[in-house]
Amino acid sequence: MKKFILGLCCGLIIACSSVAFASGSIQALLFPASFEINGNNVALNNDYKVLNVDGHAYVPIRFIAENLGGTIDYDPELQKIFVKNRNLDFTDPDYKGISIGNLILTKVGNKTKVTGQLKMEGVGNSKNMIGANLSFYNVKNEKIGDIVINGNDFDSQSQIFVAEGAGDFRAYSSVILHIGAVNNLIISAAPSIVYENTKYNFTLNFPKSWEGKYEVVYKVRESSNIEGFDFMDKANKAYSGYLFGINVWNKADWTKSASTELEMGHTFILGEKGGKVFTLSTPGDVNYDPHDERLTAEYASMSDHINIIKTTFKFNN
């Protein structure tokens, strides 16, 4: 008799499981639970419910992610939920004190929706207006998308923003942040100077603050035919002062080395012309005097602009 009952129960469980799997549905009970997150009591609003499924609590992932200080979104095309909870690591080097991050890009029709976080330093709980622009670039250093960030509720706590831009730029490689207005005051673009390379006929735009502070050293890389132009911080010359380098590859050599160079994370494609590939390389170690606050600050200030400088690379006609 016990064997019969056990067999009947197993059969019912298998049958029920099959039905649940086939229909894509489950049986669940409402689960009365309250939340304490990082020491703070957080109440569920009417939009969220906690479920009990087979003795396991199922909680709304958006509620949890946002209360842990992260961003979350769902891409229906990929059928994937994205959650990010990292440091806000994008800044405008010409306007310190505002940072963004935890970007999630999803496709909405013929547009890309960008969900992210923004915060301001040193403003307490006061609410501030910010107008900003985010530009997205692919691995070939080509701009593939833009969004505008506008809001009046930004403060020293991370605030979520949502914006859309034309096209699909989910597969971006780098992001440039430009702060255009703060509390309705227009932030003027920082003045720049032009570096021109006459050997290969290309230009780069540097911030005017670099004027007189850098020098360019021509090199041929060891054990290769790769030519290089190293841009050095003159003040830190005793400690190398290497800021970045422009490398000029033969197309065949680049094709062989591209995957390895890009995987290392310090090499970026700038452009291609006349059978040559131009790349930018950043240092992988310390090239300044870490014991001198002034020299450390100068090197850091110059280094902060390299990501923007990279996007200004242009061949002269």
Side-chain angles (χ1 to χ4, degrees), residues 28 31-53 56-92 95-109 111-137 144-165 168-179 182 265 307:
F31 187 56
S34 59
F35 288 86
E36 181 181 302
I37 299 178
N38 291 329
N40 298 314
N41 291 320
V42 182
L44 283 170
N45 61 34
N46 293 330
D47 294 332
Y48 296 125
K49 298 291 185 292
V50 181
L51 303 179
N52 183 336
V53 181
H56 298 284
Y58 285 72
V59 299
I61 189 170
R62 180 173 297 278
F63 169 78
I64 294 297
E66 291 181 351
N67 278 281
L68 285 173
T71 54
I72 180 171
D73 209 348
Y74 174 70
D75 191 318
E77 182 179 291
L78 300 177
Q79 295 186 329
K80 181 182 289 188
I81 296 171
F82 294 88
V83 179
K84 289 190 177 181
N85 185 20
R86 297 175 177 171
N87 292 329
L88 307 188
D89 50 4
F90 296 113
T91 59
D92 181 341
Y95 194 94
K96 297 291 187 180
I98 295 177
S99 56
I100 70 164
N102 290 326
L103 301 180
I104 297 175
L105 278 64
T106 55
K107 192 163 183 279
V108 180
K111 295 183 178 180
T112 298
K113 182 173 76 168
V114 180
T115 302
Q117 291 176 314
L118 184 151
K119 72 174 182 179
M120 301 180 70
E121 300 292 342
V123 295
N125 294 324
S126 63
K127 300 301 181 182
N128 298 269
M129 173 271 166
I130 293 178
N133 177 270
L134 275 183
S135 299
F136 296 81
Y137 293 79
I144 55 175
D146 280 289
I147 64 165
V148 174
I149 303 170
N150 281 315
N152 297 300
D153 295 320
F154 295 108
D155 56 29
S156 59
Q157 301 296 315
S158 296
Q159 305 292 331
I160 293 176
F161 67 84
V162 178
E164 292 184 354
D168 184 357
F169 46 92
R170 289 174 295 174
Y172 70 93
S173 178
S174 61
V175 179
I176 300 296
L177 170 65
H178 172 66
I179 304 299
V182 175
N307 200 35

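Everything numeric here is computed off the predicted structure, so don't read it as measured data. As a basis for the values below, the full set of heavy atoms in this structure was taken, side chains included, without hydrogen atoms, waters or symmetry mates.
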Could you give the distance from [atom1] ([X]) to [atom2] ([Y]), rounded to the nearest 0.5 Å?
| X | Y | atom1 | atom2 | result |
| --- | --- | --- | --- | --- |
| Glu66 | Asn85 | CD | CG | 11.5 Å |
| Asn307 | Ile176 | CG | CD1 | 4.0 Å |
| Ile130 | Phe161 | CD1 | CZ | 10.5 Å |
| Phe169 | Ile147 | CZ | CD1 | 6.5 Å |
| Lys113 | Asp73 | NZ | CG | 3.5 Å |
| Lys111 | Glu164 | NZ | CD | 5.5 Å |

Looking at [X] and [Y], what are the two nearest heavy atoms and their distance?
| X | Y | answer |
| --- | --- | --- |
| Ser156 | Gly124 | OG-O, 2.8 Å |
| Pro60 | Leu44 | CG-CD2, 4.5 Å |
| Ala163 | Val148 | CB-O, 3.4 Å |
| Phe90 | Val175 | CE2-CB, 3.9 Å |
| Ser99 | Thr91 | CB-CG2, 3.8 Å |

Flag the pair [X] / [Y] as yes when at least one side-chain heavy-atom distance between them is below 4.5 Å, and no otherwise.
| X | Y | result |
| --- | --- | --- |
| Asn67 | Phe35 | no |
| Gln79 | Tyr74 | yes |
| Leu103 | Phe136 | yes |

Under 3.5 Å donor-acceptor, [X] side chain and [Y] backbone:
| X | Y | result |
| --- | --- | --- |
| Asn128 | Ser126 | yes |
| Thr112 | Leu105 | no |
| Asp168 | Arg170 | yes |
| Gln117 | Gly69 | yes |
| Asp92 | Ile179 | yes |
| Asn45 | Asp47 | yes |

Notebook entry, point to check: So does Lys127 pair up with Asp153, basic N to acidic O under 4.0 Å?
Noted result: no
Determine, step by step, whether Ile98 and Val182 satisfy the side-chain contact (heavy atoms from CB on, under 4.5 Å) criterion, reporting the C-alpha distance in whole Å, the side-chain angles of both residues, the deciding distance to 0.1 Å, and the verdict. CA-CA 10 Å; Ile98 295 177; Val182 175; 4.1 Å; yes
Sequence neighbours excluded, the answer for ring pair (Phe, Tyr, Trp, His ring centres under 6.0 Å) partners of Phe31 is none
Practice task
Identify, with sequence neighbours excluded, every residue that meets ring pair (Phe, Tyr, Trp, His ring centres under 6.0 Å) alongside Phe82.
Solution key: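 Partners of Phe82 by the ring pair (Phe, Tyr, Trp, His ring centres under 6.0 Å) criterion come out as none, since no residue qualifies.
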task = Under the side-chain contact (heavy atoms from CB on, under 4.5 Å) rule, what do Ile37 and Leu68 come out as? Steps first, then yes or no, please.
result = CA-CA 7 Å; Ile37 299 178; Leu68 285 173; 3.6 Å; yes
Derivation and outcome, side-chain contact (heavy atoms from CB on, under 4.5 Å), residues Ile149 and Phe154: CA-CA 11 Å; Ile149 303 170; Phe154 295 108; 4.2 Å; yes
Checklist entry - Do Asn133 and Ser135 have side-chain atoms, one donor and one acceptor, less than 3.5 Å apart? => result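 The criterion, which ignores hydrogens and geometry beyond distance, is satisfied for Ser135 and Asn133.
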Only one of Val114, Leu88, Asp89, Leu177 passes side chain to side chain contact (heavy atoms under 4.5 Å, CB included) with Ile100, and that residue is Leu177
(request) Would you please test Leu118 and Gln159 for side-chain contact (heavy atoms from CB on, under 4.5 Å) and show each step? (result) CA-CA 5 Å; Leu118 184 151; Gln159 305 292 331; 5.6 Å; no
